[in-house]
Amino acid sequence: MALNAESRIVDGVVEAILERRLRPGTKLSEPELCEIYDCGRTDVRRALVILATRKTVELRPNRGAFVRVPTQPEAHNVFQARRAIEKTLARNAAQHATGTDLAELDHVVQAEILARQNGDRAQAIRLSGEFHMILAKIGQNDVLAEFLHELIMRSSLIIGLFAGSSHVLCQDEEHGEIASAIRKSDGARASDLLEAHLRHIEAQLVFDTVPEASDLRHILCK
């Protein structure tokens with residue numbers, strides 16, 4: 001079933017943010033979005049409102065819509081919230097993981113390693129987020145998983161702003177070690193590894209950068 005224009009815009013912008021292709025501070029021009037997605041302004045405006053409620057877009061009166069620019073305190077708060085949520089989900093996952101779940105985790109870990117080895121940063125980033133969302137699914141708490149999805153998008157913006165192109169993001173061995181702890185049903189270790197993993201990512205952020213706008217047409221017409 002084909003997605004309507006509103007959904008295509010939301011999905012396209014979210015995907016670009018999650019892959020760090022769409023930078024904080026980029027203006028989401030209504031005429032450009034209309035042209036890119038072959039739709040009317042009403043569709044674009046509805047999509048932008050949805051993105052604003054997800055805290056990924058900021059609507060500025062008389063100026064338009066922009067990819068949200070997170071602040072340093074917000075960055076710390078987002079990672080603190082992720083640690084609180086994901087530690088619980090990791091413990092749950094260690095209790096509930098099936099053979100199929102473990103195979104799915106392992107597949108993503110190996111695919112992420114391969115993407116990084118091939119120099120495909122965008123794919124590695126997407127798979128990193130997928131690892132965390134699979135972990136949330138295995139944790140069997142839909143409420144926490146929903147919160148986490150929003151936090152992953154917000155942390156993507158944060159990393160896109162405060163980390164350079166050399167940022168290593170998620171270490172291969174860290175995801176593998178978390179998956180191994182879940183395989184052994186060791187919830188305490190999975191939780192501790194998850195916390196250390198997120199602290200490692202946050203510690204690499206450098207809060208002395210400024211937003212760098214992106215070429216909207218080039219990004220969304222990929």
### Query
Closest heavy-atom contact between Ile152 and Gly129?
CD1-O, 4.1 Å
### Task
Mind running salt bridge (charged side-chain N to carboxylate O under 4.0 Å, His left out) on Lys55 and Glu150 for me, showing each step along the way?
CA-CA 8 Å; Lys55 301 188 185 300; Glu150 177 185 322; 5.7 Å; no
### Query
Between Arg54 and Val14, is any pair of side-chain heavy atoms under 4.5 Å apart?
yes
#### Entry: Donor-acceptor pair, side chain of Ser180 and main chain of Gly176, under 3.5 angstrom
no
### Query
With side chains defined as the heavy atoms from C-beta onward, is the minimum distance between Lys137 and Met133 less than 4.5 Å?
no
### Summary
Which of Thr42, Ile50, Val49 passes side chain to side chain contact (heavy atoms under 4.5 Å, CB included) with Arg46? It is Thr42
#### Entry: Cationic N near anionic O, under 4.0 Å, Arg183 to Asp106
yes
### Task
With the side chain counted from C-beta on, respond yes when Arg41 and Cys34 share a heavy-atom pair under 4.5 Å apart, and no when they do not.
yes
### Stepwise side chain to side chain donor-acceptor pair (under 3.5 Å) check, Arg126 with Gln123
CA-CA 5 Å; Arg126 185 189 68 77; Gln123 177 72 346; 3.1 Å; yes
### Query
Backbone N or O of Gly139 within a donor-acceptor pair of the Asn92 side chain at under 3.5 Å?
yes
### Message
I'd like to check Ile9 versus Val44 (side-chain heavy atoms, cut-off strictly below 4.5 Å). Are they in contact?
### Response
yes
### Check: Arg91/Ser191 side-chain N/O donor and acceptor closer than 3.5 Å
yes
### Query
Under 4.0 Å between a Lys/Arg side-chain N and an Asp/Glu carboxylate O for Glu74 and Arg154?
yes
### Query
Can you check whether Ile138 reaches Leu102 side chain to side chain, under 4.5 Å on heavy atoms?
no
### Query
Do the ring planes of His175 and His132 sit parallel (below 30°), tilted (30 to 60°) or perpendicular (above 60°)?
perpendicular
### Query
After noting the C-alpha distance and the side-chain angles of Glu58 and Arg63, does the key distance pass the salt bridge (charged side-chain N to carboxylate O under 4.0 Å, His left out) rule?
CA-CA 10 Å; Glu58 180 182 359; Arg63 293 190 61 195; over 6 Å; no
### Task
State, yes or no, whether a side-chain contact exists between Thr98 and Asp101 at a heavy-atom distance under 4.5 Å.
yes
### Message
Checking the side chain of Arg8 only, and the main-chain atoms of Tyr37 only, is there a donor and an acceptor separated by less than 3.5 Å?
### Response
yes
### Positive for side chain to side chain donor-acceptor pair (under 3.5 Å) with His197, one of Glu174, Glu177, Glu202
Glu174
### Query
How about Asn118: does its CG atom have over 12 heavy atoms from other parts shown lying under 6.0 Å from it?
yes
#### Entry: Phe66 with Val10, same ILVMFWY side-chain cluster at under 4.5 Å
no
